[in-house]
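Input: a single structure, listed below in structure tokens.
Owing to the predicted nature of the structure, the values given are computational and were not obtained by experimental measurement. Numbered from 1 within each chain, the chains take letters A, B, ... in sequence-line order.
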2 protein chains.
Amino acid sequence: MLSTTKERILDTAERLFAERGYSATSLRAIIAAADVNLASIHYHFDSKEALLEAVFLRRALPANEERSRLLEACERAAGDGPPDLKKVIEAFVMPAFLQAKDPARGGPVFRRLVGRLYAEGDLMPRMISKHFIPLLLRFASALARALPDLPQDELYWRIHFAMGCVSQALRGTSGWEVFQGALQESRDTELMLSRLLNFLDAAFRAPVVHSQVSVAVGEDR
Amino acid sequence: MLSTTKERILDTAERLFAERGYSATSLRAIIAAADVNLASIHYHFDSKEALLEAVFLRRALPANEERSRLLEACERAAGDGPPDLKKVIEAFVMPAFLQAKDPARGGPVFRRLVGRLYAEGDLMPRMISKHFIPLLLRFASALARALPDLPQDELYWRIHFAMGCVSQALRGTSGWEVFQGALQESRDTELMLSRLLNFLDAAFRAPVVHSQVSVAVGEDR
DNA sequence: GTCTATAACTTGATAGAC
DNA sequence: GTCTATCAAGTTATAGAC
């Protein structure tokens with residue numbers, strides 16, 4: 001056994017949290033899968049919630065540093081002009097997918113965890129507000145410069161929608177077997193990323209026209 | 001007390017599942033908030049999971065019927081030609097938001113529940129495959145006709161991404177207080193819907209160009 | 001239909017020996 | 001650092017009186 005107890009706990013917790021969610025994963029399920037003692041979890045990480053935070057930060061902090069570096073490169077390349085929209089989006093999205101291709105950084109497991117945490121409890125928002133929001137604001141600012149004609153509230157809504165796309169892309173295609181072989185996430189990470197960037201680039205550039213919503217679905221039901 | 005026990009259980013479970021998630025919500029939390037007896041849950045709904053299904057189907061079935069009707073109206077209006085893309089998207093998205101504005105149909109609560117269930121466990125996928133997939137395939141077919149030049153696998157990926165947007169929009173903006181007042185979901189449901197439709201319309205129409213992903217982030221780390 | 005009582009089990013956490 | 005043993009509380013579910 002090459003890995004330490006602490007690492008085995010982190011790896012196993014990451015996997016199970018990603019597969020089943022935080023609440024649905026008991027510490028006992030983790031110790032069974034990791035083949036460690038129950039008390040060792042409380043020794044290395046005080047509580048279940050602290051374990052989740054450790055699991056999360058282990059991957060998220062390096063990824064955010066990478067995002068930060070890529071964003072700086074975008075801005076340097078643009079000089080005084082507005083940065084390139086697609087490059088900015090890419091700087092945000094890429095690290096998660098690069099990570100997903102690298103077994104040493106959790107492979108596709110962590111990616112799914114993030115997608116899941118997004119919708120579960122308020123755990124994610126709390127961690128986000130500590131480690132994620134400053135970076136997000138920097139990206140928002142870069143996007144605003146890349147799209148100088150877009151009103152601010154419209155931009156913020158689009159960022160909100162876009163985060164949903166990214167989260168969905170991260171979560172993966174499990175449960176979408178409807179579309180048979182068409183969605184193959186195992187191979188072709190680059191192609192998927194390229195599709196996502198196209199999709200978001202066009203979406204952010206959408207004209208701002210607020211026609212009346214047209215439906216007359218009427219009545220009640 | 002105007003509502004029946006059964007209805008009170010459904011309403012309360014809907015709210016708590018939406019707020020805390022399925023796993024994190026105990027039956028005892030529900031009975032306490034609904035002021036009913038624990039056994040009554042098992043009398044009216046056999047199990048916790050069956051309760052979730054009842055909560056879900058109560059709103060989802062009518063919404064899906066509405067989607068179906070709206071889609072038919074799109075197709076009738078188009079005659080033999082391709083249906084209007086934005087109208088098709090609207091037919092899919094609208095019912096959830098109309099529902100969210102109508103207290104009698106759960107108001108914004110159910111909307112949030114759907115957004116959340118998406119990422120939690122495999123509960124949603126299982127229910128989807130029973131009640132949602134046939135409808136989804138009909139929409140996919142309508143989208144394919146609205147975008148005749150789009151390759152099928154590209155279309156499926158875009159649907160996948162778009163579901164993420166919709167899910168995020170449904171989930172609401174809680175946790176996004178970063179953007180201060182700019183995202184106000186309480187009022188202006190129509191405006192938000194209009195923004196979402198613009199966003200998705202442009203995204204679905206994005207040109208299909210698969211440039212090499214440009215980054216050279218290199219090395220390892 | 002609604003209640004009490006309780007069975008049968010799982011949960012996160014801790015004390016204390018080694 | 002790692003273990004066993006155990007606590008106190010919480011969990012879903014059910015039996016049976018009314």
**Prompt:** Would you say dA13(D) has OP1 or OP2 under 4.0 Å from some side-chain N or O of His42(B)?
**Reply:** yes

**Item:** Strand contacts (DNA chain D) in residues 18-33 of chain A, 4.0 angstrom heavy-atom criterion
**Value:**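 Under 4.0 Å from DNA chain D: Arg28(A).
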
Find out whether the Lys NZ or Arg CZ of [X] is both under 6.0 angstrom from the six-membered ring centre of [Y] and within 45° of the ring's axis.
{"X": "Arg158(A)", "Y": "Phe199(B)", "value": "no"}
{"X": "Lys6(A)", "Y": "Tyr43(A)", "value": "no"}
{"X": "Lys86(B)", "Y": "Phe204(B)", "value": "no"}

Judged by modelled atom types alone, do [X] and [Y] share a side-chain donor-acceptor pair under 3.5 Å?
{"X": "Ser68(A)", "Y": "Arg138(A)", "answer": "yes"}
{"X": "Arg171(B)", "Y": "Ser167(B)", "answer": "yes"}
{"X": "Arg195(B)", "Y": "Asn198(B)", "answer": "no"}

N/O contacts under 3.5 Å, protein versus nucleotides 2-5 of chain D?
residue, atom, partner, partner atom, Å
dT2(D), OP1, Thr5(A), OG1, 3.2
dT2(D), OP2, His44(A), NE2, 3.0
dT4(D), OP2, Asn37(A), ND2, 3.1

**Asked** Once you round it to whole Å, what is the distance between P of dC9(C) and NZ of Lys48(B)?
**Response** 19 Å

**Message:** How many whole angstroms separate atom CG of Leu51(A) from atom P of dA13(C)?
**Reply:** 10 Å

**Prompt:** Is the side chain of Arg8(A) donor-acceptor paired with the backbone N or O of Ala34(A) at a distance under 3.5 Å, no angle test?
**Reply:**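 Pair found, side chain donor or acceptor close to backbone of Ala34(A).
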
**Request:** Assess whether side-chain contact (heavy atoms from CB on, under 4.5 Å) is satisfied between Arg112(A) and Leu170(A), documenting all intermediate values.
**Result:** CA-CA 6 Å; Arg112(A) 294 197 198 103; Leu170(A) 290 174; over 6 Å; no

